[in-house]
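Single-structure report; data block below.
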Amino acid sequence: ERENRAAALPEHSQLLRTEQSNSSVIYESRYFLKLYRRLQEGTNPDIEIIRHLTEVAGFTNAPAFSGAIEYRTKDPKAKPIALGFLQSYTANEGDAWTVALGALHRYFDRVLAQRSQLEPVTDTSPEALESLPPELGALLEGSVSANSRLLAQRTAEMHLALAFDGSNPDFTAEPYTLLYQRSVHHALREQLTRNFRLLRKRLPKLEEDVRELAEQVLGLEGEINKVYRGLNRRKLDAQRIRIHGDYHLGQVLFTGRDFIIIDFEGEPARRLGERRLKRNPLRDVAGMLRSYHYAAYHALLQSRSIRTEDSAFLAGFADLWYAYSAQQFMTSYEETLGDAPFLPRQAEDRALLLRSFTLGKAIYEIGYELNHRPDWVKIPLRGILRLMAEPAQLA
């Protein structure tokens, strides 16, 4: 044990049987062992980032690194293969996804209980959020605000720690260049073309209401490309740093009082080298905002306790919950970062990056859902329509 070598080693272990891409073992609520199922040669960002955050940057809202298991050959040119690593165990009340769904179910129950006093929600623009009726403000404050602001603060602190210059080039911020911006634009455009082609192919198999949403989204392809082209207009005053890489509500544990960020390996399907690339941290923010949107509509569409006749009325309140959560998150995130150099100084440039990354994330989700959960594809479709209908919004 790194923290106290004299302490007795744990004797009992428990294999976690939850659905995940790795195997995990808990040792007496003291340690958490993660064993990788997909082995690759090279530096694993999961281990690399945890060590940097907790041992170099002093970030306390991630589990402490305790040791790693690596396979090495006698070949001096061969890179090690990470088999797994040990970290401190975090006692928790569930992940932030579970917390958000619980808050949403209570929020919908209170909305329905006050239905006779509430007008349907039709406007969730920033201007509307600034002048919410007191009854709606009370519903939202009790449902999301404190947790959303705190999670944003921890997210910003994580990004500041990942940009911490400890004389390690792997964690030194790098400026944006026009060449890099063109590569980002190209990747987003290619993803759009690929996933919209898949969506057109699957149109006949979609339910009528989902097909209508899909046709509206497909009609926006030119407008989405116009948003992306903004990345090529001029050099952005931004930086690339190491980021989480697969950031969403399921990657954060709630202790009852605070949030602990976990799982820094990035998207497991990607090669290690790609997962270790430096990117702008607004990519992580975009992932979290999309996760809030997913939570809002998952709670509405997948709930067995919400009657069909109530769903249409609650849809506006789901939009409101998401918009308010996103606004609270972004306000707290930017306040915590202050003048951090990795975000563009100009608000319109920050909005361009975040809108592009959030659109890119939602378009990625279309492909994922069509291939794995077709019934869920309406969630990213709604998200894209929202983003394109209110371009002034950050999310």
Side-chain angles (χ1 to χ4, degrees), residues 124-130 148-164 173-189 191-192 223-245 247-248 277-293 322-364 383-384 386-395:
T124 60
S125 66
E127 294 75 21
L129 295 180
E130 292 298 326
S148 182
R149 288 192 291 262
L150 179 58
L151 179 55
Q153 179 185 338
R154 298 302 181 227
T155 302
E157 290 167 350
M158 172 187 71
H159 287 149
L160 289 169
L162 287 171
F164 177 82
E174 298 178 7
Y176 260 42
T177 64
L178 281 173
L179 180 62
Y180 175 73
Q181 289 171 215
R182 283 195 288 270
S183 73
V184 173
H185 170 252
H186 176 76
L188 289 171
R189 188 186 62 198
Q191 179 194 62
L192 175 66
E223 293 299 310
I224 295 171
N225 265 318
K226 187 182 297 184
V227 173
Y228 289 165
R229 284 198 293 273
L231 296 169
N232 285 338
R233 290 195 186 114
R234 65 181 182 279
K235 182 179 175 297
L236 299 177
D237 182 22
Q239 292 179 335
R240 296 184 291 140
I241 65 171
R242 298 296 294 275
I243 65 172
H244 185 285
Y247 201 47
H248 53 79
L277 292 175
K278 294 171 185 174
R279 306 179 189 275
N280 191 273
L282 287 177
R283 285 184 179 269
D284 279 348
V285 174
M288 186 57 70
L289 295 180
R290 288 297 309 139
S291 192
Y292 272 113
H293 188 260
Y322 164 68
Y324 193 75
S325 299
Q327 181 198 63
Q328 295 292 308
F329 187 96
M330 288 307 305
T331 299
S332 178
Y333 179 77
E334 293 191 333
E335 286 177 352
T336 304
L337 286 183
D339 58 355
F342 46 73
L343 289 190
R345 294 191 184 121
Q346 299 296 323
E348 67 175 295
D349 290 343
R350 291 197 300 272
L352 169 64
L353 281 181
L354 185 57
R355 190 166 179 231
S356 297
F357 295 151
T358 310
L359 276 169
K361 182 68 174 176
I363 290 162
Y364 162 82
I384 292 169
R386 175 186 174 82
L387 280 161
M388 297 305 295
E390 300 183 13
Q393 289 186 239
L394 288 181

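The figures that follow rest on heavy atoms only: side chains count, while hydrogens, waters and symmetry mates do not. Just so it is clear, the model here is predicted, and its values are computed rather than measured.
When side chains are defined from C-beta on, E335 counts as touching T331, because their heavy atoms get closer than 4.5 Å. Taking the side chain as every heavy atom from C-beta outward, F357 and D284 never approach each other to under 4.5 Å. Within the 4.5 Å cutoff, no side-chain heavy atoms of N280 are placed close to those of V184. With a 4.5 Å cut-off on side-chain heavy atoms, I224 and M388 count as touching. No side-chain heavy atom of S183 sits less than 4.5 Å from a side-chain heavy atom of L179.
Taken from CG in L289 to CG in L282, the straight-line distance is 9.5 Å, to the nearest 0.5 Å. Atom-to-atom distance recorded for L236:CG and L343:CG is 11.5 Å, nearest 0.5 angstrom. Remark: L353 CG to E348 CD distance equals 11.0 Å, nearest 0.5 Å. For the atom pair F329 CZ and R149 CZ, the distance stands at 13.0 Å (nearest 0.5 Å). Once rounded to the nearest 0.5 Å, the distance linking OG of S332 with CG of L150 reads 7.5 Å. Taken to the nearest 0.5 Å, the OG1 atom of T336 stands 12.0 Å off from the CE atom of M158.
Shown here for M288 and L151, the closest heavy-atom pair between the two residues is SD-CD2, 4.0 Å. Of all the heavy atoms in A173 and I241, the pair that sits closest is CB-CG2, 3.7 Å. Nearest heavy-atom pair, Q327 versus P126, reported as atom, atom and distance to 0.1 Å: NE2-O, 4.4 Å. Of all non-hydrogen atoms in N232 and H185, the two that sit nearest each other are ND2-ND1, 3.1 Å. Contact between A238 and P344 at its shortest, heavy atoms only, is CB-CG, 3.8 Å.
Residues passing the side-chain hydrogen bond (donor to acceptor under 3.5 Å, both in side chains) test with Q153 are E157, sequence neighbours excluded. Shown here are the side-chain hydrogen bond (donor to acceptor under 3.5 Å, both in side chains) partners of R189, two or more places apart in sequence or in another chain: H186. The salt bridge (charged side-chain N to carboxylate O under 4.0 Å, His left out) test applied to R233 returns no partner, not counting sequence neighbours. Residues forming a side chain to side chain contact (heavy atoms under 4.5 Å, CB included) with A340 (at least two apart in sequence, or on another chain): L160, L337, F342. R240 pairs by the side-chain hydrogen bond (donor to acceptor under 3.5 Å, both in side chains) definition with E174, not counting sequence neighbours. Residues satisfying the ring pair (Phe, Tyr, Trp, His ring centres under 6.0 Å) test with H159, not counting sequence neighbours, are Y333. Evaluation of the side-chain hydrogen bond (donor to acceptor under 3.5 Å, both in side chains) rule for R242 yields E48 as partners, not counting sequence neighbours. Under the rule for a salt bridge (charged side-chain N to carboxylate O under 4.0 Å, His left out), the partners of R345 that lie at least two apart in sequence or sit in another chain are D237. Not counting sequence neighbours, the partners of Y176 by the ring pair (Phe, Tyr, Trp, His ring centres under 6.0 Å) test are Y180. The salt bridge (charged side-chain N to carboxylate O under 4.0 Å, His left out) test applied to E130 returns no partner, not counting sequence neighbours.
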Problem set entry | side-chain hydrogen bond (donor to acceptor under 3.5 Å, both in side chains) evaluation trace for Y322 with T124 | CA-CA 9 Å; Y322 164 68; T124 60; over 6 Å; no
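Evaluated for a side chain to side chain contact (heavy atoms under 4.5 Å, CB included) with V285, the options R290, E334, M330 yield exactly one hit, M330.
The pair R234-D349 meets the salt-bridge criterion, since a charged nitrogen lies less than 4.0 angstrom from a carboxylate oxygen.
Side-chain atoms of S148 come within 3.5 Å of backbone N or O of S325 as a donor-acceptor pair. When atom types are taken as modelled, the side chain of Q239 and the backbone of P175 share no donor-acceptor pair closer than 3.5 angstrom.
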